[in-house]
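Input: a single structure, listed below in structure tokens.
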Amino acid sequence: MNQQTLILIKPDGLKKSLTGNVLTRLSETKLDIVATKIVKVSRKLAEEHYSALRDKPFYEELIKYIMGDYHKHKVMAMVYYGESAIDKVREICGATNPEEADPVSIRGAYGRITTKGVYENVIHASRNSEEAEREIKLWFEPDEIIVDIYPTGILELKSVKKRIWA
Ligand code: UDP
Ligand code: MG
């Protein structure tokens, strides 16, 4: 079954110049990249992305980590699409805890646990199709994705202010 999944190269991955390595590993899946962008993560986006972990002791550190306070203030967000995309990507990512992750997985090879106890594990990938839908809709607008993956509607806006090139 064709699926879509959200992938984030987290700020530690960008700081360590791991983008190329991560994309090369992901290309083993033969999935299609259907959206990508570099995002400066706001506190609101970080909190929404990790809303399920709000009660965890590491939550505040996790928010700072994904916002880039410890590395660079950017994340590379992508949508991959294709047969069993969710499981294929999670497999290559490896376990959440980089010490427990298979050493040949992305997290096993490049992740670490900080002295504050946060798993800096380089990459995020949606865990299941419900999570993928929630996360893709949080990070991307429909027109930023080159395939139609979820139903869309039209919102007519009367007066919109937007930044344009001067
Ligand atoms: N995390 C952490 N300590 C933990 C569990 C999670 O620092 O004990 C961080 C880690 O960066 C992880 C993120 O919180 O990737 C989200 O946790 P989740 O359980 O959703 O793991 P994932 O889906 O990323 O494998
Ligand atoms: Mg998760």
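Computed from a predicted structure; not experimentally measured.
- Cluster annotation: Val75 is connected to Tyr59 through the hydrophobic network of ILVMFWY side chains, with a link wherever side-chain heavy atoms come within less than 4.5 Å.
- Between the side chain of Glu133 and the backbone N or O of Ser129, no donor-acceptor pair lies under 3.5 Å.
- By the criterion of side-chain heavy atoms lying less than 4.5 angstrom apart, applied directly or through intervening Ile, Leu, Val, Met, Phe, Trp or Tyr residues, Ile9 is grouped together with Ile38 in one hydrophobic cluster.
- Distance check, rounded to the nearest 0.5 Å: NE2 of His124 to CD1 of Ile66 gives 8.0 Å.
- With hydrogens and angles disregarded, a donor-acceptor distance shorter than 3.5 Å links the side chain of Gln3 to the backbone of Ile86.
- A cation-pi arrangement is absent between Lys64 and Tyr70 under the rule of less than 6.0 angstrom and at most 45 degrees off the ring axis.
- In summary, Glu120 and Lys10 do not engage in a salt bridge, as defined by a charged side-chain N under 4.0 Å from a carboxylate O.
- Hydrophobic clustering (ILVMFWY, side-chain heavy atoms < 4.5 Å, transitive): Leu8 and Phe140 are in one cluster.
- In this structure the side chain of His71 never reaches within 4.5 angstrom of the side chain of Lys16, judged on heavy atoms.
- Judged purely by atom type and a 3.5 angstrom limit, Glu91 has no side-chain atom pairing as donor or acceptor with the backbone of Lys88.
- For the atom pair CG (Leu18) and CG (Asp12), the distance works out to 7.5 Å, reported to the nearest 0.5 Å.
- With Arg90 contributing its side chain and Ala125 its backbone, the two residues share a donor-acceptor pair below 3.5 Å.
- Residue Met1 belongs to no hydrophobic cluster, having no ILVMFWY side-chain heavy atom closer than 4.5 Å to its own.
- Among residues at least two apart or in separate chains, there is no side chain to side chain donor-acceptor pair (under 3.5 Å) pair with a member in residues 152-161.
- You'll find the side chain of Leu62 stays beyond 4.5 Å of the side chain of Lys56, heavy atoms only.
- Under the 4.5 Å side-chain criterion, counting only non-hydrogen atoms from C-beta, Tyr65 is not in contact with Thr114.
- Here the options are Glu47, Lys40, Arg43, the test is side-chain contact (heavy atoms from CB on, under 4.5 Å), and the partner is Met67; only Arg43 passes.
- Here the side chains of Ile113 and Val118 are not in contact, with every heavy-atom distance at 4.5 Å or above.
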Test side-chain contact (heavy atoms from CB on, under 4.5 Å) on Asn2 and Glu83 and set out the steps.
CA-CA 4 Å; Asn2 280 340; Glu83 179 63 35; 4.2 Å; yes
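- Under the 3.5 Å distance criterion, with hydrogens and angles disregarded, a donor-acceptor pair is assigned to the side chains of Glu135 and Ser126.
- Closest of all the heavy-atom pairs between Ala95 and Arg107 is O-CD, 3.3 Å.
- Heavy atoms only, all atoms of each residue included: Val122 and Gly13 are closest at CG1-CA, 4.0 Å.
- Taking each heavy atom of Glu131 and Asn128 in turn, the nearest pair found is N-OD1, 2.8 Å.
- Annotation: side chain of Gln4 is not in contact with side chain of Val147 (no heavy-atom distance under 4.5 Å).
- Taken together through direct or relayed side-chain contacts under 4.5 Å among Ile, Leu, Val, Met, Phe, Trp and Tyr, Leu23 and Val39 form parts of separate hydrophobic clusters.
- In this structure the side chain of Tyr110 never reaches within 4.5 angstrom of the side chain of Asn121, judged on heavy atoms.
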Decide side-chain contact (heavy atoms from CB on, under 4.5 Å) for Tyr80 and Leu26; before the verdict, give the C-alpha distance in whole Å, the side-chain angles of both, and the deciding distance to 0.1 Å.
CA-CA 9 Å; Tyr80 273 57; Leu26 291 172; 3.8 Å; yes
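- Residues meeting the salt bridge (Lys or Arg N to Asp or Glu O under 4.0 Å) test with Arg25, sequence neighbours left out: Glu28.
- Although no hydrogens or angles enter the test, the distance criterion places a donor-acceptor pair under 3.5 Å between the side chain of Ser105 and the main chain of Gly108.
- Summarising the local packing, NZ of Lys37 is surrounded by more than 12 heavy atoms from other residues, nucleotides or ligands at distances under 6.0 Å.
- The cluster map of Ile, Leu, Val, Met, Phe, Trp and Tyr, joined by side-chain heavy atoms under 4.5 Å apart, puts Leu14 and Ile7 in the same cluster.
- Taking the ring axis of Tyr150 as reference, the NZ or CZ atom of Lys137 stays within 45° of it and closer than 6.0 Å to the ring centre.
- With Asn97 contributing its side chain and Glu99 its backbone, the two residues share a donor-acceptor pair below 3.5 Å.
- Within the 4.5 Å cutoff, the side chain of Glu144 has no heavy atoms near those of the Trp139 side chain.
- Annotation: side chain of Ile149 is in contact with side chain of Ile136 (closest heavy-atom distance under 4.5 Å).
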Verdict with supporting geometry, Lys44 and Glu48, salt bridge (charged side-chain N to carboxylate O under 4.0 Å, His left out):
CA-CA 6 Å; Lys44 182 165 178 277; Glu48 280 178 27; 3.5 Å; yes
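- Between the side chain of Thr29 and the backbone N or O of Leu31, at least one donor-acceptor pair lies under 3.5 Å.
- Taking each heavy atom of Thr5 and Ala85 in turn, the nearest pair found is CG2-O, 4.0 Å.
- Closest heavy-atom contact between Ser27 and Thr24: OG-O, 2.6 Å.
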